[in-house]
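Following: one structure in structure tokens, then a few remarks.
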Amino acid sequence: MKSAKDYIEQHKDRFLSELIDLLKIPSISADSAYEKDVIATAEVIKQRLLEAGCDKVEICETPGYPIVYGEKIIDPTLPTVLVYGHYDVQPPDPLDLWDSPPFEPVIKKTELHPDGAIFARGACDDKGQMYMHVKALEYMTKTDQLPCNVKFMIEGEEEVGSESLGWFVTRNQEKLANDVILISDTGMIANDIPSITTGLRGLSYVEVEVTGPNRDLHSGLYGGAVANPINILTKMIASLHDENNHITIPGFYDKVEELSAAERAKMAEAPFDLEAYKDALDIDAVYGEAGYTTNERNSIRPTLDVNGIWGGYTGEGAKTVIASKAYAKISMRLVPNQDWKEITELFKKHFEAIAPAGVRVEVKPHHGGQGYVTPIDFPGYKAAEKAYESTFGKTPIPQRSGGSIPIVSLFEQELGSKTLLMGFGLDSDAIHSPNEHFGIWNYLKGIETIPMFYHYYANNN
Ligand code: BES
Ligand code: MN
Ligand code: MN
């Protein structure tokens with residue numbers, strides 16, 4: 001029987017060039033100018049799934065971008081793994097901060113990736129990680145080692161809130177029936193410290209608009225006499241945190257799950273180097289909610305962040321003006337038990353309430369989703385743990401992540417199954433940032449580890 005290691009060694013150049021071809025297509029879901037590219041990417045994935053051994057692959061139309069669905073059912077009495085991933089990517093801007101163009105992949109060595117990493121938008125989030133599953137399937141089918149049934153569901157709207165996926169899942173519960181959901185769209189601690197993501201934060205994303213006078217005004221003639229929407233907006237935003245960096249929205253923390261001292265002590269055992277963390281970001285201090293460590297702040301605690309703020313004159317030189325309007329985009333990361341719709345309402349009520357006379361405030365909810373926690377005592381987790389042990393030689397550490405994949409809680413609700421988050425990226429891989437990359441070692445290690453998961457899962461279930 002051919003080992004995954006041998007198979008990968010023999011085919012790794014092709015595995016890389018196939019991924020590079022996929023990364024050349026700018027499948028930016030947020031920007032309608034790239035609609036054709038997003039759709040073209042779905043077609044490529046369909047072809048690749050067929051080549052990798054799926055018996056049936058369909059492009060499923062939705063109100064938005066299509067979902068690629070593929071399956072290989074070898075025996076209906078065996079367990080079924082549902083693989084989820086996304087083929088859309090974040091917009092690449094700011095373009096001038098990329099060392100090479102985002103859709104012209106290049107391989108370069110880095111300190112953390114001495115074997116080289118592929119630099120391109122989507123390399124890690126999520127084309128590279130999603131494609132590991134396609135190549136793992138190829139290995140299992142070509143060497144006759146697929147031990148159970150597999151279904152693939154690859155969507156094109158993850159980076160804009162997965163609206164059509166929700167629509168699709170609710171309408172296709174039978175088609176998508178499975179025993180466990182497997183996703184590689186998160187990270188791990190380090191190449192020599194494997195970890196499995198056991199938690200995702202929820203999300204509430206809103207846009208706010210503050211309107212003052214009915215037109216832009218001369219800042220000398222009117223300055224001091226009318227409310228300046230930008231001054232007011234920034235003051236309102238600043239008031240959303242107190243001196244301990246607690247969020248001041250009434251009711252915001254009511255449902256937050258408090259971890260026990262024992263759970264927090266367990267979390268603190270995960271290796272973490274604060275100095276290296278600060279060095280990597282060129283900051284002289286970390287910043288956050290009083291009473292919590294950095295790893296707690298970015299995983300088990302809810303947060304509120306401004307993602308963008310604009311208004312007034314931002315062109316070259318100076319223009320003395322009081323703008324009529326000011327805007328901001330704000331995200332709140334939520335933890336299990338916080339309901340994203342409820343939090344959105346609380347935000348809206350509070351933000352409207354703190355607006356002073358002289359301005360009008362509008363809060364527009366965007367999208368959101370619930371957080372998720374994967375139990376570590378169910379057969380799926382145990383199988384994943386064994387898979388990492390066999391390929392990394394170490395037991396993976398369960399770790400909650402700060403990121404969000406809102407659809408995961410919907411999977412549990414609609415399909416009744418648990419999700420395993422086997423991510424192989426590193427935090428330093430710069431997802432959503434310029435110079436996103438994915439280590440070649442990580443890519444190949446993922447392709448090696450995934451079949452081991454199928455093996456242990458199918459044989460113990
Ligand atoms: N893959 C990320 C989420 C992620 C990354 C989770 C790393 C854990 C570790 C996903 O593509 C993403 O970017 N999600 C968005 C939310 C979405 C609704 C736009 C996020 O977390 O901002
Ligand atoms: Mn992703
Ligand atoms: Mn993303």
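Order of appearance sets the numbers: ligands from 1, and atoms from 1 within every ligand.
A side-chain N or O of T391 and one of T449 form a donor-acceptor pair less than 3.5 Å apart. The closest side-chain donor-acceptor pair between S164 and E157 falls under 3.5 angstrom.
Looking at ligand 1, you'll find an N or O of H86 within less than 3.5 Å of one of its N or O atoms. In terms of N/O distances under 3.5 Å, ligand 1 is not approached by S401.
The atoms of ligand 1 that sit less than 4.0 Å from any heavy atom of T186 are 6 (C), 7 (C), 8 (C), 9 (C).
Within the protein, the N, O or S atoms lying under 2.8 Å from the Mn ion (ligand 3) are D125 OD2, E159 OE1, E159 OE2, H432 NE2.
Judged by the shortest distance from any of its heavy atoms, I431 lies inside the 4.0 Å radius around the atoms of ligand 1. Using a non-hydrogen distance threshold of 4.0 Å, R201 does not register as a contact of ligand 1.
A donor-acceptor pair is defined here as one N or O able to donate and one able to accept, closer than 3.5 Å; no such pair exists between the side chain of Y372 and the backbone of L200.
Relative to atom 21 (O) of ligand 1, the option among R333, H367, E157 with the closest non-hydrogen atom is R333.
Under the salt bridge (charged side-chain N to carboxylate O under 4.0 Å, His left out) criterion, the residue pairs touching residues 16-33 are R14-E18, E18-K135, D21-K24, with sequence neighbours excluded.
Looking only at side-chain heavy atoms (C-beta outward), Y205 and M332 stay at 4.5 Å or farther from each other.
Among all protein heavy atoms, the one lying closest to atom 4 (C) of ligand 1 is D185 O, 3.6 Å. For atom 19 (C) of ligand 1, the closest non-hydrogen atom of the protein is E159 O, 3.6 Å.
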